[in-house]
Student: 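Have a look at this one.
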Amino acid sequence: TDVGVSLLRAVNVSFLMRDFGKSFSSTSGTLEATGGDYLRSYNVDHIDDFISHSWQTGRWAKFMSLCFIYNLQAAAVASWLVALLLLLLELDFVSVLPRTIPFQALFGGQVYDH
């Protein structure tokens with residue numbers, strides 16, 4: 001159905017995720033035109049994603065769900081880059097970081113300690 005542009009309002013996902021999902025911790029939204037929640041929204045001509053929630057679900061579960069849905073790809077790339085950087089910093093020719101565990105290699109039944 002078509003909803004008039006003056007009635008269709010939304011907020012960014014970044015607003016929902018700020019302060020670790022603080023907006024989900026309150027159980028009393030203010031929908032009046034002078035209320036805080038209403039003033040944080042703005043008129044839109046379309047909504048990309050509709051996010052609904054239940055007051056029974058805790059704030060952290062909602063926040064983590066949004067992190068998973070909207071940040072998974074960026075988080076995976078960042079974690080791989082950090083892991084690669086740490087690996088490089090532990091290599092012998094760099095030796096910036098100490099090895100956390102002793103390195104052992106097993107070749108042909110022979111154990112080689114390093």
Side-chain angles (χ1 to χ4, degrees):
T1 63
D2 289 331
V3 177
V5 173
S6 64
L7 296 177
L8 191 59
R9 299 182 68 85
V11 296
N12 287 324
V13 172
S14 60
F15 168 75
L16 294 175
M17 295 181 71
R18 74 180 183 147
D19 296 328
F20 299 101
K22 184 177 180 181
S23 59
F24 292 123
S25 64
S26 171
T27 58
S28 61
T30 54
L31 298 178
E32 304 87 35
T34 58
D37 291 346
Y38 182 85
L39 293 177
R40 289 181 184 97
S41 67
Y42 52 91
N43 289 83
V44 295
D45 57 358
H46 73 282
I47 295 175
D48 293 326
D49 297 317
F50 179 78
I51 300 173
S52 180
H53 70 97
S54 164
W55 292 117
Q56 294 175 340
T57 306
R59 164 187 175 184
W60 290 105
K62 295 171 194 172
F63 175 73
M64 294 306 294
S65 296
L66 289 176
C67 285
F68 183 79
I69 292 168
Y70 290 100
N71 294 327
L72 180 63
Q73 185 176 9
V77 168
S79 65
W80 275 101
L81 290 174
V82 169
L84 181 62
L85 175 66
L86 293 174
L87 171 73
L88 292 174
L89 293 175
E90 285 184 354
L91 292 177
D92 285 338
F93 63 88
V94 178
S95 294
V96 174
L97 294 176
R99 286 208 175 115
T100 55
I101 57 173
F103 176 73
Q104 290 184 338
L106 177 64
F107 292 109
Q110 180 69 28
V111 176
Y112 298 92
D113 289 321
H114 188 294

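Owing to the predicted nature of the structure, the values given are computational and were not obtained by experimental measurement. Numbers for residues simply follow the sequence, beginning at 1.
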Student: Does Val77 sit in a hydrophobic cluster with other residues, and if so which ones, taking ILVMFWY side chains as linked at heavy-atom separations under 4.5 Å, directly or through other members?
Tutor: Leu81
Student: If every non-hydrogen atom of Leu7 is compared with every non-hydrogen atom of Asn43, which pair is closest and at what distance?
Tutor: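 Result for this residue pair: N-ND2, 4.5 Å.
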Student: Would a single hydrophobic cluster contain both Leu84 and Trp80, if residues Ile, Leu, Val, Met, Phe, Trp and Tyr are joined by side-chain heavy-atom contacts under 4.5 Å?
Tutor: no
Student: Give the minimum heavy-atom separation between Ile47 and Val44, together with the two atoms involved.
Tutor: CG1-CG2, 4.1 Å
Student: So, for Cys67 and Met17, which heavy atoms are closest and what is the spacing to 0.1 Å?
Tutor: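 For Cys67 versus Met17, the nearest heavy atoms are SG-CE, 3.4 Å.
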Student: Which side-chain hydrogen bond (donor to acceptor under 3.5 Å, both in side chains) pairs, counting each pair once, include a residue from residues 56-67, with sequence neighbours left out?
Tutor: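 Pairs touching residues 56-67 that pass the test: His53-Lys62.
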Student: Evaluate Tyr42 against Asn12 for side chain to side chain contact (heavy atoms under 4.5 Å, CB included), listing each step before the verdict.
Tutor: CA-CA 9 Å; Tyr42 52 91; Asn12 287 324; 2.8 Å; yes
Student: Nearest 0.5 Å, what's the CG-NZ distance between Leu16 and Lys22?
Tutor: 14.0 Å
Student: Which atom pair, heavy atoms only, marks the closest approach of Phe68 to Leu72?
Tutor: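 Scanning both residues completely, I find the closest heavy atoms to be O-CB, 3.0 Å.
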Student: Rounded to the nearest 0.5 Å, what's the gap from CD1 on Ile51 to CG on Leu66? Could you check?
Tutor: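 One finds 5.0 Å between CD1 of Ile51 and CG of Leu66.
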